[in-house]
J.: 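Below: one structure in structure tokens.
When reading the values below, keep in mind they use all heavy atoms of this one structure, side chains included, and skip hydrogens, waters and symmetry mates. Remember, predicted model here, so these are calculated numbers, not experimental data. Chain letters run A, B, ... following the sequence lines, proteins first and then strands; every chain starts at 1.
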2 protein chains.
Amino acid sequence: MDSTVTIKDVAALAGVSVGTTSRVLSGNPSTSPAARERVHAAVAELGYRPDARARSLRSARSQTVGLLISDVRNPFFADVAHGAEQAALRSSYVTLLANANEDPKQQDTYLESFLTQRVDGIIIAPQGEESAHLRALATTVPLVFVDRTVDGFEVPSVTSDNALGIDQAVAHLADRGHTRIGYIGGPRSISTGRARHDAFVRAVARHRLDTDPGLITSGDFRSASGAVAAERLLSGAQPPTALLAADSPMAVGALGALRRRGLRIGSDVDLVAFDDIEWFSELDPPLTVVSHDAQAMGSTAMRLLLDVIEGRTPESVVLPTRLVVRESSGGARRQA
Amino acid sequence: MDSTVTIKDVAALAGVSVGTTSRVLSGNPSTSPAARERVHAAVAELGYRPDARARSLRSARSQTVGLLISDVRNPFFADVAHGAEQAALRSSYVTLLANANEDPKQQDTYLESFLTQRVDGIIIAPQGEESAHLRALATTVPLVFVDRTVDGFEVPSVTSDNALGIDQAVAHLADRGHTRIGYIGGPRSISTGRARHDAFVRAVARHRLDTDPGLITSGDFRSASGAVAAERLLSGAQPPTALLAADSPMAVGALGALRRRGLRIGSDVDLVAFDDIEWFSELDPPLTVVSHDAQAMGSTAMRLLLDVIEGRTPESVVLPTRLVVRESSGGARRQA
DNA sequence: TTGTAGGCGTTATCAG
DNA sequence: CTGATAACGCCTACAA
């Protein structure tokens with residue numbers, strides 16, 4: 001039940017010194033073909049696996065990066081994680097994926113753990129505002145923000161063009177003749193929550209739509225809160241004719257609320273979601289979305305992080321969004 | 001940009017030896033209150049964080065477990081991961097989450113990496129059949145299977161009662177008067193694929209339903225394959241009146257195929273999915289599912305793994321399934 | 001090209 | 001209760 005075959009065993013079996021063995025294994029050119037062959041044979045025979053801990057202890061590089069996302073169960077972040085992980089793998093880094101679960105305390109727990117594991121760098125979709133913890137982190141280890149940012153941090157980030165996305169959605173709904181759009185936003189403590197909210201307010205004004213503050217609600221980026229918010233919007237005296245949800249889980253919640261009220265999506269009420277999720281196109285009706293490429297976001301973040309780790313100072317990246325019109329806001333509207 | 005404050009610095013500042021410092025830090029009772037206080041003060045002042053690598057190198061325990069799931073983007077596995085992770089945290093273990101992406105090669109890459117990181121144990125939802133790699137693994141490090149198993153391995157596992165679940169679904173559909181049920185199964189190379197398939201065949205026979213082999217298709221547990229399979233089933237000469245999908249992504253694929261054919265779910269064709277996903281109840285119509293508790297599966301697997309790590313020999317666990325009837329198979333059926 | 005030896009940060013042993 | 005000191009497994013000068 002234990003392997004404990006060390007480099008010494010390999011050296012002994014190969015009949016060379018540990019130094020030579022180490023050199024062969026790390027691809028040091030100063031090795032004879034004969035030595036290489038014998039070492040590799042010994043490695044294979046013993047099933048030797050170098051100890052990453054010892055190696056990184058000695059060489060001060062762990063070839064490990066931490067990825068802290070806010071909610072694994074949100075498909076958007078699952079895609080981000082997937083993209084980041086694949087990119088890391090290509091550069092032979094191992095990704096430690098941790099799930100903050102939209103909880104600042106768990107976020108801190110895992111950051112602590114990353115530090116303790118001496119990861120070479122961290123990608124994080126930060127939870128809250130300015131935290132002393134995060135502040136300290138930024139000066140300790142290479143750091144990159146993904147999807148979200150925190151004000152006042154000089155940290156490279158990969159984000160979506162939130163303003164553009166919201167704009168595309170509002171313009172589209174305005175085109176369809178809506179004047180009362182209900183907005184289901186995220187928390188103001190999260191940068192994407194703020195950016196999307198502010199963009200919505202501006203877009204509504206620009207398109208001269210109804211600025212009734214009762215049309216603006218907010219949730220916590222999770223599905224239950226989307227249902228609650230939609231319910232609130234729809235139960236008003238003068239309900240909106242279209243709903244815009246600031247992320248996909250809340251859109252799903254809204255979906256349920258609409259169905260429970262017997263409202264037909266795409267005719268009674270239009271629905272648009274920020275975030276595209278694979279199965280949104282399989283729904284009935286398929287959902288109109290502001291799409292951004294989650295996997296690209298993840299892989300880009302990883303690229304930036306590796307840049308930082310290697311001493312470069314990469315620029316932040318803002319990824320474009322794209323409006324994908326589907327039937328949830330594409331069919332014939334029913335008369336009010 | 002580097003912390004590099006070691007236990008020596010702490011010891012120096014506290015005015016005690018590293019030995020004492022180490023004892024204080026690891027909660028060894030043989031320490032004086034005075035020493036404890038000074039050490040803790042020094043730790044706080046220096047912002048010292050023990051080096052997990054060095055610690056585990058010396059103590060032969062990394063307090064780290066590897067969790068290898070087959071597809072992060074499948075919400076079922078995201079839930080499993082979440083459950084496992086939370087359980088680990090409670091026992092102060094760190095979880096390395098890796099994503100095999102339904103690809104045996106990536107599975108091996110990550111297993112290799114786990115071994116190299118000297119994790120204390122591994123939870124895996126295995127991909128393929130008997131692999132030499134896995135075989136070697138089982139004798140090297142504590143191992144637990146989750147969701148899936150591999151034949152011929154004496155490894156504790158946590159699985160669902162697949163036969164029960166399929167039975168519940170088929171019985172329900174038979175009750176509703178269906179005689180031709182189309183089955184969208186998973187690959188035979190995966191244990192759940194086999195178990196659910198075999199259970200389906202048995203259940204169909206037991207309920208004296210149509211055993212037409214053309215009613216049985218299979219995909220790869222991902223959504224695109226579900227759409228293809230549904231399409232094939234529905235385009236036959238005598239299409240089924242109900243569809244049973246062996247996992248949720250494939251059910252989503254089937255959903256899209258049905259919509260594209262203009263078939264109404266729950267009246268034209270009934271649809272039942274194995275796996276419950278939070279938002280399945282928000283769909284229109286809400287989906288009937290064979291539900292099993294993914295989070296419980298994850299946390300149970302972690303419990304078993306920690307048992308193995310601590311030298312116990314836990315029994316495998318089979319979790320029950322539960323049929324949740326919703327409108328996708330709960331409304332009035334349309335006459336054929 | 002190869003071997004030897006010191007040290008990365010910790011914990012464990014063994015005297016005091 | 002505390003302080004030295006020897007490992008843990010590996011890499012990397014330095015010498016040969």
J.: Would you indicate, yes or no, if dA4(D) has its OP1 or OP2 atom less than 4.0 angstrom from a side-chain nitrogen or oxygen of Ser17(B)?
T.: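 The answer is no; no side-chain N or O of Ser17(B) sits under 4.0 Å from OP1 or OP2.
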
J.: Once you apply a heavy-atom cut-off of 4.0 Å, does Thr31(B) come out as touching a base, just sugar-phosphate, or nothing?
T.: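 Sugar-phosphate only.
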
J.: From C-beta outward on Thr6(B), which listed nucleotide comes closest to its side chain: dG9(D), dT4(C), dG9(C)?
T.: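 When the side chain of Thr6(B) is considered, dG9(C) is the closest of dG9(D), dT4(C), dG9(C).
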
J.: Rounding to a whole Å, what distance do you find between Asn28(A):CG and dC11(D):P?
T.: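 In whole Å, dC11(D) P lies 11 Å from Asn28(A) CG.
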
J.: Checking all strands, does Ala60(A) fall into the base, sugar-phosphate, or nothing category for heavy-atom contacts under 4.0 angstrom?
T.: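 Since no nucleic acid heavy atom lies under 4.0 Å of Ala60(A), the category is nothing.
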
J.: Let me spell it out: for each of Gly15(B) and Ala52(A), pick the nucleotide of DNA chain D with the closest heavy atom. Which residue's pick is nearer the 5' end?
T.: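 Mapping each residue to its closest nucleotide by heavy atoms, the 5'-most match is Gly15(B).
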
J.: Please report, rounded to the nearest Å, how far the C1' atom of dG3(C) is from the NZ atom of Lys8(A).
T.: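 So the two atoms are 14 Å apart, to the nearest Å.
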
J.: Can you find a side-chain donor-acceptor pair between Thr20(A) and Ser17(A) that sits under 3.5 Å?
T.: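 Side-chain D/A pair, Thr20(A) to Ser17(A): present.
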
J.: Will you find, in the side chains of Gln86(B) and Gln106(A), an N or O donor that is under 3.5 Å from an N or O acceptor?
T.: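 Note: Gln86(B) and Gln106(A) side chains meet the donor-acceptor criterion.
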
J.: Have a look at Arg53(B) and say if it touches a base, only the backbone sugar-phosphate, or nothing, with a 4.0 Å heavy-atom cut-off.
T.: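 The residue Arg53(B) makes no contact with any strand.
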
J.: Reckon Ser30(A) has a side-chain N or O less than 4.0 Å from the OP1 or OP2 of dT2(C)?
T.: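 So the side chain of Ser30(A) is outside the cut-off, no N or O lying under 4.0 Å from OP1 or OP2 of dT2(C).
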
J.: Using a cut-off of 4.0 Å on non-hydrogen atoms, how would the nucleic acid contact of Ser22(B) be classed: base, sugar-phosphate, or nothing?
T.: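 Base contact.
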
J.: Quick one: does Asn99(A)'s side chain have a donor or acceptor within less than 3.5 Å of a partner on Val72(A)'s backbone?
T.: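 Yes, the answer is positive, given that a donor and an acceptor are paired below the 3.5 Å cut-off.
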
J.: Mapping Arg58(B) and Pro33(B) to their closest nucleotides on DNA chain D, which lands nearer the 5' end?
T.: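 The residue closer to the strand's 5' end, by nearest nucleotide, is Pro33(B).
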
J.: Below 4.0 angstrom, N of the basic side chain to O of the carboxylate: do Asp103(B) and Lys105(B) qualify?
T.: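 No salt bridge links Asp103(B) with Lys105(B).
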
J.: Taking the basic N atoms (NZ, or NE/NH1/NH2) and the acidic carboxylate oxygens, is any pair closer than 4.0 Å for Asp51(A) and Arg53(A)?
T.: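 Counted as a salt bridge, because a side-chain N and a carboxylate O are separated by less than 4.0 Å.
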
J.: How long is the line joining CD of Glu37(B) and P of dC1(D), in whole Å?
T.: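 In whole Å, dC1(D) P lies 16 Å from Glu37(B) CD.
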
J.: Side chain of Val16(A) only, please: which of dT4(C), dG3(C), dT10(C) is the nearest?
T.: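 Looking only at side-chain atoms, Val16(A) lies closest to dG3(C).
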
J.: Do the side-chain N or O atoms of Ser59(B) get closer than 4.0 angstrom to the phosphate oxygens (OP1, OP2) of dA12(C)?
T.: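 Negative; the distance criterion is not met.
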
J.: CD1 of Ile7(A) versus P of dC8(D): gap in Å, rounded?
T.: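 Those two atoms, CD1 and P, are 14 Å apart.
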
J.: Atom CZ of Arg38(B) and atom C1' of dG3(D): how far apart are they, to the nearest Å?
T.: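 My rounded result for the distance is 15 Å.
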
J.: Quick one: does Arg23(A) reach the base of dG3(C) with a side-chain donor-acceptor pair under 3.5 Å?
T.: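 When only heavy-atom distances are counted, Arg23(A) does reach the base of dG3(C) through a donor-acceptor pair under 3.5 Å.
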
J.: Round to the nearest Å and state the distance from Leu46(B) atom CG to dG9(C) atom P.
T.: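 Checked: the CG to P distance equals 14 Å.
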
J.: Let me know the distance between CG of Leu57(A) and C1' of dT12(D), rounded to the nearest Å.
T.: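 Checked: the CG to C1' distance equals 14 Å.
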
J.: To the side chain of Asp51(A), which of dG9(D), dT2(D), dA5(C) is closest?
T.: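 Among dG9(D), dT2(D), dA5(C), the one nearest the side chain of Asp51(A) is dG9(D).
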
J.: Does Arg194(A) use its side chain to pair, donor to acceptor, with the backbone of Arg188(A) at less than 3.5 Å?
T.: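 Confirmed, Arg194(A) side chain pairs with Arg188(A) backbone.
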
J.: Arg55(B) CZ to dG9(C) C1': how many Å, rounded?
T.: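 After rounding, the gap between these two atoms is 10 Å.
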
